[in-house]
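Reviewing the structure listed below.
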Number of protein chains: 2
Amino acid sequence: MVLDTMSSDNPETRERILKAAWRLLEKSQGRGVRMTDIAKRAGITRQALYLHFSTRAELLIATTHYIDEVRGSDERLAPSRSAQTGTERLDAFITAWGTYIPEIYGMAKALIAMSDTDDAAAKAWGQRMEDMREGCEAAIRALNSDNMLSSTYSPDQATDILWTLLAVRNWEQLTITCGWSQEKYIETVKSLARGAFVIENVS
Amino acid sequence: MVLDTMSSDNPETRERILKAAWRLLEKSQGRGVRMTDIAKRAGITRQALYLHFSTRAELLIATTHYIDEVRGSDERLAPSRSAQTGTERLDAFITAWGTYIPEIYGMAKALIAMSDTDDAAAKAWGQRMEDMREGCEAAIRALNSDNMLSSTYSPDQATDILWTLLAVRNWEQLTITCGWSQEKYIETVKSLARGAFVIENVS
DNA sequence: CTGTCAATTGACACAGTGTCAAGTAATAAA
DNA sequence: TTTATTACTTGACACTGTGTCAATTGACAG
């Protein structure tokens, strides 16, 4: 009888690695994190990493899933989905995503950097952005259903713009480079989006 | 008497290298261009590159200056500077910069990618972005002088937003990823900027 | 004919990723 | 007690790309 106290492909170690990667990526804002560093922090050798993840890209991608799971990226979207009006939904989505960015920033930076050379990384990050785009699309669609979408842009175009506005790079530039607070960032993006997409209430 | 047909630190070769780098960077959109490739295209050996540029970062930076020179990046700003009204200046600046981006995109991508690891590259790209920011600032200031700057944002804040809006990454996302035409990109950015910064003309 | 200068050739150091083979320590099963 | 299995270690090595160095070549100039 096998009472696997330490079952095949040890999940404890795997999680220790993911935690280590996450920690290091956030601490260094995604720059200069080597396999060696992650291994050291996880308390194993560099080679042992490859018993769990076959490439650096795979480890990075697994880290994103781990963060999503721990941080509950899905539940964050609940307020957005249950919003009554299109405007509320837009606001809620911007808040949800805008609040999530700083939590994944290090990992995102590393994955984006890898995307330049590694196809798997590019595909994984592209998929995540595609997922995020659906949130943008849903918000714009809600606005459109309320007949509140400005005629300046088509729904597709508005989705593209909102999607671009919410890019990690823009968050990075405004908060890190320009020194904005997180609150100011969120408020400004909301104000920009509202100004661009929501029909003025002329009283 | 030395009639230097081939003066010290041969400028012909230097230029051939810069042209080769430029060509390759644009062709491959800044990805995967190695010193070997540039040397080959310039018709010299990889090692000979180092007789002209001491590092890859230095070569990339020199390439940006070369492009600026050939493409006359300065003259492009003339219409912006001579604009009569703030709104015109804003439009002219967006057109100038927005038209310039596709010409430097490959090089910009490569330099941004290097910035993750190389401090010299980061500094050089940061400087270019700082220069561009001055154009944003001037446009916003012109708007403010005309009393046409919306009270929603302070001049500093408006500058930060315009600067972010005009980032290369946003151009990349809208044109390359979303498939927008260059014209649509320019028009949309103009419309977004006008909507965000220019006071409505209530008649 | 001699010096200079750009460029070549071939070698090597270094960092980081990924691979492989042999060994170890713990745990489980016969 | 012996035997297998599993997770991990150790040490070595291949590969890529950057950057360096020493010795050599070929051209041109005085």
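Each chain gets a letter, A, B and so on, in the order the sequences are listed, and its residues count up from 1. No experiment lies behind these values; they were computed from the predicted model shown.
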| request: Indicate the ring-plane relationship of B:Y185 and B:W171, choosing parallel, tilted or perpendicular according to the 30° and 60° boundaries. | output: perpendicular

Rounded to whole Å, the CE-C1' distance (B:M35 to C:dT8) equals 17 Å

Does a nitrogen or oxygen in the side chain of A:H52 sit under 4.0 Å from OP1 or OP2 of D:dC8? yes

Separation of D:dG17 atom P from B:D118 atom CG, nearest Å, is 18 Å

Taken to the nearest whole Å, CG/A:L51 to C1'/D:dT9 is 10 Å

Base C:dG18 paired with A:Q47 side chain (donor-acceptor, <3.5 Å) = no

message: If we ignore hydrogens and angles and just use 3.5 Å, is the side chain of B:W125 paired with the main-chain N or O of B:S115 as donor and acceptor?
response: no

Report yes if a side-chain nitrogen or oxygen of A:T45 is closer than 4.0 Å to either non-bridging phosphate oxygen (OP1 or OP2) of D:dC8; otherwise report no. no

note: A:R14, atom CZ; D:dT6, atom C1'; distance rounded to Å ~ 18 Å

A:I44 CD1 to D:dT6 P, in whole Å, measures 19 Å

More than 12 heavy atoms from other groups under 6.0 Å of CZ on A:R16 = yes

Separation of D:dA7 atom P from A:F53 atom CZ, nearest Å, is 14 Å

Of A:R34 and A:S54, the one whose nearest nucleotide on DNA chain C sits closer to the 5' end is A:R34

Rounded to whole Å, the CD1-P distance (A:I17 to D:dC8) equals 7 Å

Between the base of D:dG19 and the side chain of B:R46, is one N or O donor paired with an acceptor at under 3.5 angstrom?
yes

message = Counting neighbours of CZ on A:R133 that are heavy atoms of other residues, nucleotides or ligands and sit closer than 6.0 Å, is the number greater than 12?
response = yes

Atom OH of B:Y50 and atom P of C:dC5 are separated, to the nearest Å, by 24 Å

